[in-house]
Protein chains: 2
Amino acid sequence: MRPLYHPSLQEITVQGILYALSDPVRVRIYGELVGAECAMNCAAFLSNGNLKLPKSTLSQHFKTLREAGLIRSERQGVELKNSSRCQELKKKFGPMIVSILKAYENEANKSKH
Amino acid sequence: MRPLYHPSLQEITVQGILYALSDPVRVRIYGELVGAECAMNCAAFLSNGNLKLPKSTLSQHFKTLREAGLIRSERQGVELKNSSRCQELKKKFGPMIVSILKAYENEANKSKH
DNA sequence: TCCATTAGTTCGACGTTACGGAACTAAAGA
DNA sequence: TCTTTAGTTCCGTAACGTCGAACTAATGGA
């Protein structure tokens with residue numbers, strides 16, 4: 001198992017972020033991580049809510065988020081602790097990411113009727 | 001040639017917009033259309049600047065932008081007049097699109113050194 | 001009216017990426 | 001050492017992107 005790659009702040013691109021967030025599964029994961037109090041492991045999303053995906057697929061989605069620079073994953077024992085890198089990113093990208101998450105939320109709220 | 005499909009405002013999704021804007025070619029096109037005084041035809045991008053792509057590829061990119069709801073294309077004689085739908089979109093998505101374009105601009109400016 | 005031109009779309013082949021099951025690996029405990 | 005747990009990697013198949021070639025629709029001559 002190769003070490004997990006995390007891009008440095010300079011390497012993170014708008015394009016990469018938009019691509020990563022243009023998938024509903026990844027947005028759900030990222031949104032939860034942003035809202036989470038503490039780091040979450042991948043398995044939390046295996047059973048969780050309406051996200052029923054094979055773990056190989058989930059692993060790929062985490063990798064995409066990680067390599068886009070949106071999240072950080074640290075091995076802790078058997079599991080991986082995932083957290084959002086939102087503090088760092090806010091400096092570089094300003095309101096972009098927040099406004100994207102808000103737009104998704106609005107959309108979800110509207111479709112409830 | 002089938003009529004060009006334009007989604008209604010309600011049909012436009014965050015996901016579709018992010019996906020459309022996660023491609024450098026489409027961002028360039030969209031950015032220029034947002035900044036343009038009047039509508040531009042597709043051919044303007046064929047020769048233009050550093051965008052050297054075959055017209056079939058360009059046509060696909062315009063289609064993606066159009067079906068994501070970002071631009072409107074109207075046939076006028078032989079050509080297609082493309083314009084951004086930014087006024088409509090601003091109502092629905094607030095600052096999201098503007099902040100994305102700004103983030104791309106920042107990135108472009110920084111890489112100039 | 002017919003032909004040529006211009007602007008863009010569609011088709012089809014090829015390459016790339018995504019999904020998901022099966023096999024694998026790394027850490028930790030019995 | 002064996003087992004379990006948590007993720008990753010591999011690989012076959014399906015979906016998507018790119019671009020040349022053929023096509024279509026509108027317009028302007030001869």
Side-chain angles (χ1 to χ4, degrees), chain A residues 1-6 13 15-30 32-33 36 38-48 50-68 70-83, chain B residues 1-6 13 15-30 32-33 36 38-48 50-68 70-83:
Chain A
M1 205 179 284
R2 292 161 211 158
L4 301 171
Y5 174 69
H6 291 88
T13 65
Q15 187 184 335
I17 290 179
L18 295 193
Y19 176 72
L21 294 182
S22 71
D23 177 280
V25 172
R26 290 193 292 263
V27 175
R28 279 189 56 106
I29 295 174
Y30 183 65
E32 277 205 57
L33 290 179
C38 55
M40 301 172 73
N41 57 3
C42 305
F45 295 89
L46 259 177
S47 42
N48 169 33
N50 14 27
L51 262 193
K52 278 178 189 151
L53 291 172
K55 60 182 189 167
S56 59
T57 304
L58 258 180
S59 175
Q60 284 303 322
H61 283 308
F62 273 95
K63 186 183 179 194
T64 302
L65 287 168
R66 188 164 54 236
E67 301 196 341
L70 285 166
I71 68 172
R72 187 177 297 285
S73 312
E74 291 172 285
R75 181 164 281 277
Q76 195 166 347
V78 229
E79 38 186 63
L80 230 53
K81 290 299 190 180
N82 299 285
S83 52
Chain B
M1 205 179 287
R2 291 161 211 157
L4 301 171
Y5 173 70
H6 291 87
T13 65
Q15 186 184 336
I17 290 178
L18 295 194
Y19 178 72
L21 294 182
S22 72
D23 178 280
V25 172
R26 290 192 293 263
V27 175
R28 280 189 56 107
I29 295 174
Y30 183 65
E32 277 205 57
L33 290 179
C38 56
M40 301 173 75
N41 57 4
C42 305
F45 295 88
L46 259 178
S47 41
N48 170 33
N50 15 26
L51 261 194
K52 278 180 189 150
L53 291 173
K55 58 182 190 168
S56 58
T57 304
L58 259 179
S59 176
Q60 285 302 324
H61 283 309
F62 273 95
K63 187 183 180 195
T64 302
L65 286 168
R66 189 163 55 236
E67 300 195 343
L70 285 166
I71 69 171
R72 186 177 297 287
S73 312
E74 292 173 285
R75 181 164 280 278
Q76 195 165 346
V78 229
E79 36 186 67
L80 228 55
K81 291 300 190 181
N82 299 286
S83 52

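Basis for what follows: all heavy atoms, side chains included, without hydrogens, waters or symmetry-related copies. Naming: A, B, ... by sequence-line order, numbering from 1 per chain.
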Return the value, rounded to whole Å, for the distance between atom CD of Gln76(B) and atom C1' of dT6(C).
15 Å
Rounded to the nearest Å, what distance is computed from the CG atom of residue Asn82(A) to the C1' atom of nucleotide dG7(D)?
10 Å
In chain order, what residues pass the salt bridge (Lys or Arg N to Asp or Glu O under 4.0 Å) check against Arg72(B), with sequence neighbours excluded?
Glu88(B)
Ser73(A) meets the side chain to side chain contact (heavy atoms under 4.5 Å, CB included) criterion, sequence neighbours left out, with Leu4(A), His6(A), Arg66(A), Ile71(A), Leu80(A), Asn82(A)
From CG (Leu65(B)) to CG (Leu21(B)), nearest 0.5 Å:
7.0 Å
What's the OH-P distance between Tyr5(B) and dT9(C), to the nearest Å?
17 Å
List for me each residue that meets side chain to side chain contact (heavy atoms under 4.5 Å, CB included) alongside Ser56(B), sequence neighbours excluded, and say none if there are none.
Pro54(B)
Given atom CG of Leu4(A) and atom C1' of dT9(D), what is their separation to the nearest angstrom?
13 Å
Measure from NZ on Lys63(B) to P on dT18(D) and round the result to the nearest Å.
13 Å
How would you list, by chain and number, every residue that makes a side chain to side chain contact (heavy atoms under 4.5 Å, CB included) with Pro24(B), sequence neighbours excluded?
Gln15(A)
Those residues at least two apart in sequence (or on a different chain) that pass side chain to side chain contact (heavy atoms under 4.5 Å, CB included) with Gln60(A) are Lys63(A)
Which residues share a ring pair (Phe, Tyr, Trp, His ring centres under 6.0 Å) with Phe62(B), sequence neighbours left out:
Phe45(B)
Taking Arg26(A) for the side chain and Ala20(A) for the main chain, is one N or O donor matched with an acceptor at less than 3.5 Å?
yes
Select one nucleotide: of dG8(C), dT8(D), dA6(D), the one nearest the side-chain heavy atoms of Ala43(B).
dG8(C)
From dT5(D), dT10(C), dA26(D), pick the nucleotide closest to the side chain of Val78(B)?
dA26(D)
Please report the distance, rounded to the nearest Å, between CZ in Phe62(B) and P in dG8(C).
8 Å
Applying salt bridge (Lys or Arg N to Asp or Glu O under 4.0 Å) to Lys55(A) and not counting sequence neighbours gives none
Side chain of Ser59(B) only, heavy atoms from C-beta on: which candidate in dA6(D), dT8(D), dT9(C) is closest?
dT9(C)
Extract from the structure each pairing of a protein N or O with an N or O of nucleotides 14-17 of chain D at less than 3.5 Å, listing the distance.
unit_1  : atom_1 : unit_2   : atom_2 : d
dG17(D) : OP1    : Tyr19(B) : OH     : 2.3

List every contact pair, protein side and nucleotides 19-22 of chain D side both N or O, where the distance is under 3.5 Å.
unit_1  : atom_1 : unit_2   : atom_2 : d
dC19(D) : OP2    : Thr57(B) : OG1    : 3.1
dG20(D) : N7     : Ser56(B) : OG     : 3.1
dG20(D) : O6     : Ser56(B) : OG     : 3.3

Measure CG/Leu46(A) against C1'/dC19(C) and give the value in whole Å, please.
15 Å
Separation of dA18(C) P from Leu58(A) CG (nearest whole Å)
15 Å
